[in-house]
Amino acid sequence: MMLTTKLIYCCLVSIVLHPINNLNPKPYISLFNLQGILLPTQFSHSLTSLDAFAPRLLAWFEINGRHDLPWQQHQTDTPNPYIVWLSEVMLQQTQVTTVLPYFARFMASFPTVQDLAAAEWDTVAEHWAGLGYYARARNLHKGAKQLVEVIDETGEYPTTLAGWEAISGVGPSTAGAIMAMGLHRYGVICDGNVKRVLTRWAAIDGDITKSATTKELWALAERLTPKENSGLFAQAMMDMGATLCTRSKPACLLCPLQDDCLAHAQGRETDYPVKAKKQPKPSKFSNALLIENENGEILWLQRPDNGIWGGLWSLPLAFIEKISGKVAVKDADKNKNKELIAANDNQLLEVASNEKVYETEFTTAEQIINEWINKNELVAKSVNDTLLDDSPIKHSLTHFHWYLTPQTVNLNTKQAQEITEALQAGEININWLNADDAQATLGLPKAMVKILE
DNA sequence: ATCCGGGGGC
DNA sequence: GCCCCCGGAT
């Protein structure tokens, strides 16, 4: 009754003080913070739902959750942070059933963090072998040494979130898990399982790889985590994510949160979490021509002000092929410019699948050069003698990958003069400079530096 | 057989 | 924003 009265009061005050908010189509509830200042909630659920979340989850966990996993510390008053840290690192990338035997072997061989720190790397590696992500085993070993150092200095394990995050291999979520479950202090977790549960429950449809969504999810996780027993809550959330709110076939009928789960209400559970498919970038292939005169100088062109590398200097680029889809260069030579592609015959470049096909724009200068080379029947040669070494430079731009294969064209003095005149007639700024001088005196885009190197 | 998820380091 | 590496899902 009190709560209801207060809620109504808050809403009325909100309407009076913030009339503009009533234009906002989103559900809008205000509440007082401790200073009595009006604050909006940023959450889509009502206060009642937000506050009921933890009790309902915990009630479910008590009856239906797993309580016998060997690293769980919720049934003891003297939790062991080492056990939680070790298991959390293992569980970062692997499911419970896979971790179980590894965890047992680790605990048998390294019962304390001091044992782990003192172990040889080879021994640790052998224990980890098969779990994957071996960098994490290295971090684990390093982290053990760091922890022993902290313990030697302070007499105890780190007691703060920041203290744990300073340990190699421990990020924000693992640190939260250790604080909550390993120390029975306050800690919030927001790992992949939690994100799945929360995006569904609150129908959060933002791309979870975006930092704004990450922030939103952490804020919600924090709002839902009870100040007391955050470890039990973390344990329950993990269990719920792993056993009920699974990725493909969630068991909504058994879920304690089904009646205010917004995704369930929409019948769209598996549409969450939203993760933008990393858009495969189309790929474009060009040859970068190292047109060399008899003095060993290379022809450089200043690019037009508009477009890529505007105003910078670049090697002349020769069109090879623009492709989309998972195609090997080898398969792509069904069309023009066969000679140029031939140099790439041994390359099997896997490029991301994509429908888009790019139009390659030639600069005026490049058109002049390409036509001139064709007319004179000059052949571009691979820079290196061995086929293995002439792989293209990969240069990624915002919207596509550009594979640039360096090729040389040697000109005699007469030919060099001819092309120079042809370009100057087209009012193109050009330069003949060897690689070192070009790097020293011209503004070269990164891709060109890569090619020269 | 292939795709995809996942947490932290860089 | 990529990489690591495995196993579960399809």
Side-chain angles (χ1 to χ4, degrees), chain A residues 71 84-103 124-147 158 161-182 187-200 207-215 217-218 221 234 237-238 240-251 269-281 283 325-326 350-354 394-402 446:
Chain A
W71 45 79
V84 174
W85 167 66
L86 174 61
S87 64
E88 278 304 315
V89 171
M90 289 182 160
L91 289 163
Q92 274 169 11
Q93 77 266 17
T94 315
Q95 303 215 141
V96 165
T97 50
T98 312
V99 164
L100 282 169
Y102 284 88
F103 176 79
V124 178
E126 194 184 303
H127 279 71
W128 193 272
L131 264 187
Y133 289 100
Y134 301 99
R136 295 189 190 199
R138 292 194 295 278
N139 283 331
L140 188 77
H141 196 209
K142 187 174 168 191
K145 294 177 180 186
Q146 293 169 330
L147 284 171
L161 198 67
W164 278 100
E165 282 189 54
I167 304 302
S168 293
V170 178
S173 194
T174 305
I178 298 168
M179 287 290 287
M181 302 188 295
V188 178
I189 61 166
C190 194
D191 65 2
N193 277 326
V194 175
K195 284 175 180 165
R196 190 170 55 253
V197 173
L198 295 187
T199 51
R200 286 174 179 172
D207 179 350
I208 63 163
T209 66
K210 299 281 182 214
S211 62
T213 314
T214 304
K215 231 177 122 186
L217 287 165
W218 272 96
M237 280 295 275
M238 289 178 175
M240 153 100 182
T243 64
L244 287 187
C245 200
T246 55
R247 190 158 61 89
S248 44
K249 288 173 187 166
E269 298 87 351
T270 53
D271 288 349
Y272 301 88
V274 174
K275 188 183 268 189
K277 293 205 192 347
K278 47 176 184 254
Q279 204 159 338
K281 292 181 182 179
S283 296
K326 206 165 195 172
E350 292 254 313
V351 299
S353 181
N354 192 289
K394 183 181 176 185
H395 185 71
S396 293
L397 297 104
T398 326
H399 295 102
F400 60 92
H401 301 292
W402 205 349
K446 195 83 179 170

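Below, read A as the first sequence line, B as the second, and so on, with proteins coming before strands; counting in each chain starts at 1. Side chains are part of it too, since the values below use all heavy atoms of this structure and drop only hydrogens, waters and symmetry mates.
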How does protein reach along nucleotides 4-10 of chain C, written 5' to 3' as B (base within reach of a heavy atom under 4.0 Å), S (only sugar-phosphate), or - (no contact)? BBS-SSS
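At B:dC4, none of the side-chain N or O atoms of A:Lys275 fall inside 4.0 Å of OP1 or OP2 (strictly under the cut-off).
Looking at heavy atoms from C-beta onward, A:Val197 lies out of side-chain contact with A:Tyr272 at the 4.5 angstrom threshold. Contact annotation: the side chain of A:Trp71 approaches that of A:Leu100 to within less than 4.5 Å [non-hydrogen atoms, C-beta and beyond]. Here the side chains of A:Asn139 and A:Val89 are not in contact, with every heavy-atom distance at 4.5 Å or above.
Heavy atoms only, all atoms of each residue included: A:Pro250 and A:Arg200 are closest at CB-NH1, 3.7 Å. Of all non-hydrogen atoms in A:Arg196 and A:Asn193, the two that sit nearest each other are NH2-OD1, 2.7 Å.
Nucleic acid contact for A:Val89: none, since no nucleic acid atom lies under 4.0 Å from a heavy atom of the residue. A:Thr209 comes within contact range of no nucleotide atom at all, as no heavy-atom separation falls under 4.0 Å.
In this structure, A:Gln92 places its CD atom 7 Å from C1' of B:dG8, rounding to the nearest Å. Remark: C1' of B:dG6 and CD1 of A:Ile189 are 14 Å apart, rounded to the nearest angstrom. Whole-Å rounding puts the A:Leu217 CG to B:dG6 P distance at 12 Å. Whole-Å rounding puts the A:Glu165 CD to B:dC10 C1' distance at 16 Å. To the nearest angstrom, C1' of B:dG6 lies 10 Å from CZ of A:Arg196. As rounded to whole Å, 9 Å separates atom P of B:dG9 from atom NZ of A:Lys142.
Here the OG atom belonging to A:Ser211 is positioned 14.5 Å from the CH2 atom belonging to A:Trp218, to the nearest 0.5 angstrom.
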